[in-house]
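Structure, as structure tokens:
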Amino acid sequence: MSSNSSQQQQSGAGNGVADLAQGMNRMNLGGDARSYVPPHLRNRSGAPAPGGALRATPEPRLLVPLHRAGTRPEPVVRIAPASGSRRVPRSVSAYWDPRQGATSWPPRDERLEGSLYKSAHVATGINFSKYDDIPIEASGNDVPNGISKFEEADLDPLLIENIALANYATPTPVQKYSIPIVEAGRDLMACAQTGSGKTAGFLFPILNEMFKKGPPAPTSGPGGRNNVVCPMALILSPTRELTSQIYDESKRFAYRSWVKPVVIYGGVPMREQSYNLSRGCDLLVATPGRLVDMMDRGYVSLRHVKYLILDEADRMLDMGFEPQIRRIVEQMDMPPLEERVTLMFSATFPREIQYLARDFLGDYIFLSVGRVGAASENVTQQIVEVYENEKYDVLLDILNTEPAGADNLTLIFVETKRNADMLANYLYDANFPAAAIHGDRDQRERERALYSFRTARTPILVATAVAARGLDIPNVMHVVNYDLPNDIDDYVHRIGRTGRAGNTGKATAFFAPDKNRNIVRELIGILRDANQEVPEFLERAANEYAFGGRGGFGGRGGGRGGRGGRNAATRDFRQEADYKTYTPAPRSAYGNGGGWGDDSWGPPPSSGSYGGGW
DNA sequence: AAAAAAC
């Protein structure tokens, strides 16, 4: 791929941030170490406010696991060790002076940086500059102006350094607005295309606020209890792997700061997670189930949450999720919406989510980037007509024609967990290195599968919906919808696993005429919106399926997007002539009208081996 | 109907 050009393209813009960061670094070296509250003492009863009287002698009993302790001994403020002499433990954070803010930070740690940032791929692809052409709409009262460079925002110098370390040079459209919006203390409902930097879109602003404001004054937990962890920021996401990914990202940007991120999710023993919690937690990344469990057990309280983020919010209102979410947000000890900043992020915007928005957000700003619910134009979509019993052969054809490999990771979606296992086994037996991921595998297997996919040990991953959302895996070049989902939004999310951050990718879907008629109209809509060719057999199927379904008016996209029916960003930006820079692979062996980028999509699905009329 | 998410 053209990773070279994308790197070069970035280097110009990147230097600005890097230089600035270096300057900041120098400025802050040698600052006085002031009162320092270790993470595990923050937010606990009786701890003196930052900057309070210093007590030199630490209490040894502090090391007792916190959730076992009855009453805390009087907490202690330790004087931070002189920097440089010894390797600073990871949990040690910036030296904080309430009068001056952060005065100095722990020295940089090369080894830690190596592990933190090595998997941080270059955040900008060949088409990154296209983001400038994406229509952005921000509506609401007193919408703050967006920024166009990181330098324009009043970003904390440490955050700027970490952004530079992570190789982020230019803010994406979401980030351009989310930063000033949160800075203004506003709530946000953000709808942005897959792969457009939503995670950093909420991490940057909340970490920025936290860095600038400093650690909260220590307070007691519920009922005066002090053995409960009270994070200041809470990030909820629908799958364990996504949660873990957000956590990794948060560690990158919280590096060397006082903010201690912790992650909790199900499927693994609680011990390690509760131990991590007990060591202090300022930013908690969680899946809903495990969080509720932890709260029921009294490990976590949300009473000091100032920032609440719901990622993939559209997924959060599925049956089974919404009650949990409402319980967390409305029925535990979360501060009411006036006392917190709430951000909701989503790539699509179904009507139901507006109810969540109404209940969870105050006077919020609605931000839409691109056309809501649309697929990225960086993904070349091809639909092939394949009957159920032909799918496997067609798939083998594809894999033979375009072998999966380290720079051509291939992600295959199926509808059922059983099929995921079966297909992966078939492929494995046919000498295609494949792994499977789905919700019935235990967490170790899930993580192993994802790891061996990321590292291209098995460059083919067969997945259920568990991998449909949010996962950011570099080099996923091809998404195959072996089974089309029943929900068009799922389709959009799935193909969003490729073509990320301005890179290109392709998506092939097996359209089974006997099964997939229900989404045919919406599928055509998605293809048109993304400036993709619509094969003739789809049109035909749509005509023959003129009634019922979700199709027609308001079925998808902007129609149900805005409040008051207002469409989000309606301009079709996918008309630019220079968009079609992507030169696709030669057409593959499975003929079904046209190959990649071949502007003529060939004859209607011929009577060939598959397809044909029905 | 299936998938995800707690033990």
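Here is the naming used below: chain letters follow the sequence lines, and residue numbers restart at 1 for every chain.
Between the base of B:dA5 and the side chain of A:Arg240 there is no donor-acceptor pair shorter than 3.5 Å.
Contact check on A:Lys391 versus A:Glu388 returns a salt bridge, with a Lys/Arg side-chain nitrogen under 4.0 Å from an Asp/Glu carboxylate oxygen. A salt bridge does not link A:Glu338 with A:Lys306: every distance from a Lys NZ or Arg NE/NH1/NH2 to an Asp or Glu carboxylate oxygen is 4.0 Å or more. Ionic pairing of A:Glu249 and A:Arg252 is present here: one or more N-O contacts between side-chain nitrogen and carboxylate oxygen are shorter than 4.0 angstrom.
Note on A:Thr464: every side-chain N or O is 4.0 Å or more away from OP1 and OP2 of B:dA2. Listed pair A:Arg446 / B:dA5 meets the phosphate criterion, a side-chain N or O lying under 4.0 Å from OP1 or OP2. For B:dA6, the OP1/OP2 oxygens have a side-chain nitrogen or oxygen of A:Thr287 closer than 4.0 Å.
Regarding A:Glu322, its CD atom lies at a distance of 22 Å from the P atom of B:dA3, rounded to whole Å. For A:Ile519 and B:dA1, the CD1 to C1' distance is 15 Å, given to the nearest whole Å. Atom CG of A:Asp490 is separated from atom P of B:dA4 by 12 Å (rounded to the nearest Å). In this structure, A:Ile325 atom CD1 and B:dA6 atom P are separated by 10 Å, rounded to whole Å. Remark: C1' of B:dA5 and CG of A:Leu242 are 13 Å apart, rounded to the nearest angstrom. The distance between atom CD1 of A:Ile264 and atom P of B:dA5, rounded to the nearest whole Å, is 14 Å. Rounded to whole Å, the distance from CZ on A:Arg418 to P on B:dA3 is 11 Å. Distance CG (A:Asp442) to C1' (B:dA5): 16 Å, rounded to an integer number of Å.
Among the heavy atoms of the strands lying under 4.0 Å from A:Val268 are primed sugar atoms or P, OP1, OP2 only; no base atom is included. Contact annotation for A:Val466: backbone-only contact, meaning every heavy-atom pair under 4.0 Å involves sugar-phosphate atoms and none involves a base.
Looking at every heavy atom in both residues, A:Tyr491 comes nearest to A:Gln381 through OH-OE1, 2.6 Å. Annotation for A:Phe202 and A:Phe345: closest pair CB-CE1, 3.5 Å, computed over non-hydrogen atoms.
Listed candidates were B:dA5, B:dA3, B:dA6. Nearest to the side chain of A:Thr239 is B:dA5.
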